[in-house]
Amino acid sequence: MSGSSSFKIREILRILAGHYGNISWWPGDTDEVMIGAILTQQTRWENVRKALGNLRDRNLCSLSAIHGADSGEIGELVRCTGFYRLKTHRLKTLAAYVMETYGSVDAMTGEPSDRLRAGLLKIKGVGAETADSILCYGFSRTSFVIDAYTEKICSCCGILHRRDQLKTLFEDVLPQDPDAYKRAHAHIVEYAKEYCGKKRCNECILENLKE
DNA sequence: GACCAGGTCCTTG
DNA sequence: CAAGGACATGGT
């Protein structure tokens with residue numbers, strides 16, 4: 001029943017908010033969020049931070065710069081994030097899309113969220129999670145990010161749905177406030193890193209964090 | 001040395 | 001449509 005799922009999701013969000021409070025997460029300008037969203041695919045954030053630093057040192061931490069840069073150079077700078085040839089190609093594709101369609105990242109801010117999302121999803125290498133990360137953290141839109149952690153925590157709590165259905169469930173429960181979206185996803189990731197080992201996650205969040 | 005990380009795409013059965 | 005493999009480096 002989706003009624004019971006909604007109730008559980010409210011509980012999860014309430015407990016996490018009480019436990020982690022106002023954490024700040026994924027700082028940086030829109031360019032950096034977009035680049036980071038590609039680089040963090042299946043990769044620890046520590047390695048992504050290094051790569052972003054490498055790009056910044058060479059003044060390549062923007063889509064306009066990446067659009068004009070040599071792929072070999074980008075590859076060296078993002079190598080520490082793994083899948084570096086693949087990610088370099090994805091960054092170039094994303095940069096080409098943005099520069100050729102909008103002319104600049106700033107020019108995208110006038111676009112409504114659903115059209116922004118549809119455009120991003122057409123890019124090879126930008127799936128739902130990457131697109132929603134960009135919308136939520138890069139453009140402060142109320143588009144909730146569902147990742148493997150969210151799926152796992154929900155699953156632990158008996159909420160078994162596909163990712164797009166989970167997205168709808170969370171968005172129906174959350175207030176229409178981009179900061180609430182940003183915080184909620186950050187809470188989920190922080191919780192999961194702390195409590196959900198890969199093999200065993202049999203202690204439910206509702207038990208771990210009970211007041 | 002084995003195993004996994006804030007995914008996505010492509011190929012198979 | 002579910003499942004499995006490829007992509008690759010760095011940390012435990």
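These numbers come from a predicted model, not from an experiment. Each chain gets a letter, A, B and so on, in the order the sequences are listed, and its residues count up from 1.
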TODO: Please report the shortest heavy-atom distance between A:T150 and A:I188, naming the atom on each side.
DONE: OG1-CG2, 3.6 Å
Open item on the list: Give me the distance, rounded to whole Å, that separates C:dG10 from B:dT8 when you measure between the P atoms they each carry.
Closed with: 22 Å
Open item on the list: Any base atoms under 4.0 Å from A:A128, or only sugar-phosphate, or nothing? Heavy atoms, all strands.
Closed with: sugar-phosphate
Task: Between P of C:dC1 and CZ of A:R162, the distance in whole Å - done: 8 Å
Task: Euclidean distance for P, B:dC4 against C:dG5 (whole angstrom) - done: 14 Å
Open item on the list: Quick check on C:dA8: is either OP1 or OP2 less than 4.0 Å from any side-chain nitrogen or oxygen of A:R79?
Closed with: no
Open item on the list: If I take atom OH in residue A:Y84 and atom C1' in nucleotide C:dA6, what distance separates them, rounded to the nearest angstrom?
Closed with: 15 Å
Task: Pairing string, 5' to 3', for DNA chain B - Watson-Crick or wobble contacts under 3.5 Å, brackets [ ] where pairs cross, | to another strand - done: .||||.|||||||
Task: Residue A:W26, side-chain heavy atoms: nucleotide from B:dG6, C:dA8, B:dC9 that is nearest - done: B:dG6
Open item on the list: Distance check needed: C:dG10 C1' versus A:L39 CG, whole Å only.
Closed with: 15 Å
Open item on the list: What is the separation between atom CZ on A:R44 and atom C1' on B:dG7, rounded to the nearest whole Å?
Closed with: 15 Å
Open item on the list: Does B:dT8 have OP1 or OP2 under 4.0 Å away from a side-chain N or O of A:K87?
Closed with: no
Task: Residue that, paired with A:V48, satisfies side chain to side chain contact (heavy atoms under 4.5 Å, CB included) out of A:I38, A:T43, A:I35 - done: A:T43
Open item on the list: Need to verify one output field. Residue with the more 5' nearest nucleotide on DNA chain C, A:K50 or A:Q42?
Closed with: A:Q42
TODO: Considering just the side-chain nitrogens and oxygens of A:T40, establish if one lies under 4.0 Å of OP1 or OP2 belonging to B:dG7.
DONE: no
Open item on the list: As an exercise, state the distance from OH of A:Y20 to CH2 of A:W25, rounded to the nearest 0.5 Å.
Closed with: 12.0 Å
- [ ] Using the aromatic ring of A:W25 (for Trp, its six-membered ring), decide whether it stacks on the base of B:dG6 within the limits of 5.5 Å and 30°.
- [x] yes
TODO: Take atom CD1 of A:I134 and atom P of B:dG7, then tell me their distance rounded to the nearest Å.
DONE: 14 Å
Open item on the list: Nearest whole Å is fine: how far is B:dG6 C1' from A:I23 CD1?
Closed with: 13 Å
- [ ] Take atom P in B:dG6 and the same atom in C:dG4, then report the distance between them in whole Å.
- [x] 22 Å
Could you go through residues 69-79 of chain A and list every donor-acceptor pair under 3.5 Å that involves a side-chain atom there, pairing it with any protein atom two or more places apart or in another chain?
residue: A:D70; atom: OD2; partner: A:G72; partner atom: N; Å: 3.2
residue: A:D70; atom: OD2; partner: A:E73; partner atom: N; Å: 3.2
residue: A:E73; atom: OE2; partner: A:R58; partner atom: NH1; Å: 2.6

Open item on the list: Using a heavy-atom cut-off of 4.0 Å across all strands, would you classify A:I146 as base, sugar-phosphate, or nothing?
Closed with: nothing
TODO: Group every Ile, Leu, Val, Met, Phe, Trp and Tyr by side-chain heavy-atom contacts under 4.5 Å, then state whether A:L121 and A:L166 land in the same group.
DONE: no
Task: Which residue lies more 5' along DNA chain B, comparing A:V126 with A:V189 via nearest heavy atoms - done: A:V189
Open item on the list: If hydrophobic clusters are built by linking Ile, Leu, Val, Met, Phe, Trp and Tyr wherever their side-chain heavy atoms come under 4.5 Å apart, do A:L60 and A:L86 end up in the same one?
Closed with: no
Open item on the list: I need the A:L135 CG to A:R117 CZ distance, nearest 0.5 Å.
Closed with: 7.0 Å
Task: Between B:dC4 (P) and A:D147 (CG): distance, integer Å - done: 17 Å
TODO: Considering only NZ, NE, NH1 and NH2 on the basic side and carboxylate oxygens on the acidic side, decide whether A:K8 and A:E11 come within less than 4.0 Å.
DONE: no
TODO: Find the distance A:H89:NE2 to C:dA8:C1' and express it as a whole number of Å.
DONE: 17 Å
